[in-house]
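Here's the structure, in structure tokens; my notes come after.
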Amino acid sequence: MRRHNPWIGALWLCATGLIVAAFSARVWQTSFWYPSSSEVSPGPVVVFFQELADAVVSPALYVGFGTIAGLLFLHARQRARRRAKERRPPAGT
């Protein structure tokens with residue numbers, strides 16, 4: 001029975017969470033770009049969160065996609081090691 005590393009699963013979860021959070025923040029932020037003329041200003045708290053989302057979205061996407069790329073390389077290396085171990089002839093024959 002093969003056991004899975006829980007830290008690898010946590011990295012997958014964090015990477016996808018960062019990407020989904022960055023995408024959601026960008027969608028939320030665009031909802032304020034074209035306000036109707038009858039609405040009042042969103043207020044200082046919303047403006048602060050808009051600026052925070054603007055500052056965090058790009059780095060979150062870079063880190064999320066970079067983590068996924070690194071995990072894919074890690075999985076490829078582990079698979080190559082397993083395949084090489086399966087092909088290796090038993091010692092002493």
Side-chain angles (χ1 to χ4, degrees):
M1 178 189 256
R2 211 167 70 202
R3 295 199 48 171
H4 295 284
N5 188 346
W7 297 106
I8 300 296
L11 279 174
W12 276 106
L13 186 66
C14 289
T16 54
L18 279 171
I19 291 170
V20 167
F23 180 73
S24 300
R26 185 62 77 189
V27 168
W28 173 77
Q29 192 179 22
T30 58
S31 68
F32 290 97
W33 282 350
Y34 302 108
S36 66
S37 60
S38 63
E39 290 184 21
V40 295
S41 175
V45 174
V46 175
V47 170
F48 169 75
F49 282 122
Q50 285 178 341
E51 291 173 359
L52 182 66
D54 192 35
V56 171
V57 165
S58 293
L61 284 174
Y62 287 141
V63 170
F65 283 122
T67 303
I68 287 176
L71 285 168
L72 289 175
F73 278 110
L74 178 69
H75 286 303
R77 185 188 65 137
Q78 289 174 348
R79 180 173 168 84
R81 282 185 177 178
R82 279 196 310 266
R83 299 282 298 219
K85 200 181 294 185
E86 290 171 1
R87 289 186 203 161
R88 190 177 314 148
T93 57

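No hydrogens, no waters, no symmetry mates; every other heavy atom, side chains included, goes into these values. Positions are given from 1 along the sequence.
- Under a hydrophobic clustering in which Ile, Leu, Val, Met, Phe, Trp and Tyr are joined whenever their side-chain heavy atoms come within less than 4.5 Å, directly or via other members, F49 and V46 fall into the same cluster.
- Side-chain contact annotation: R81 with Q78, donor-acceptor N/O pair under 3.5 Å absent.
- Without hydrogens or angle criteria, Q29 side chain to Q50 main chain gives a donor-acceptor distance under 3.5 Å.
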Identify each donor-acceptor pair in which a side-chain atom of residues 60-76 lies under 3.5 Å from a protein atom, sequence neighbours left out, and give them as a table.
unit_1, atom_1, unit_2, atom_2, d
T67, OG1, V63, O, 2.7
H75, NE2, W12, NE1, 3.0

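- Linking Ile, Leu, Val, Met, Phe, Trp and Tyr whenever their side-chain heavy atoms come within less than 4.5 Å leaves V47 and V57 in two separate clusters.
- Apart from W7 itself, the hydrophobic cluster it occupies contains nothing, where clustering links Ile, Leu, Val, Met, Phe, Trp and Tyr at side-chain heavy-atom distances under 4.5 Å.
- The line from CD1 of I8 to CG of L13 is 13.0 Å long, rounded to the nearest 0.5 Å.
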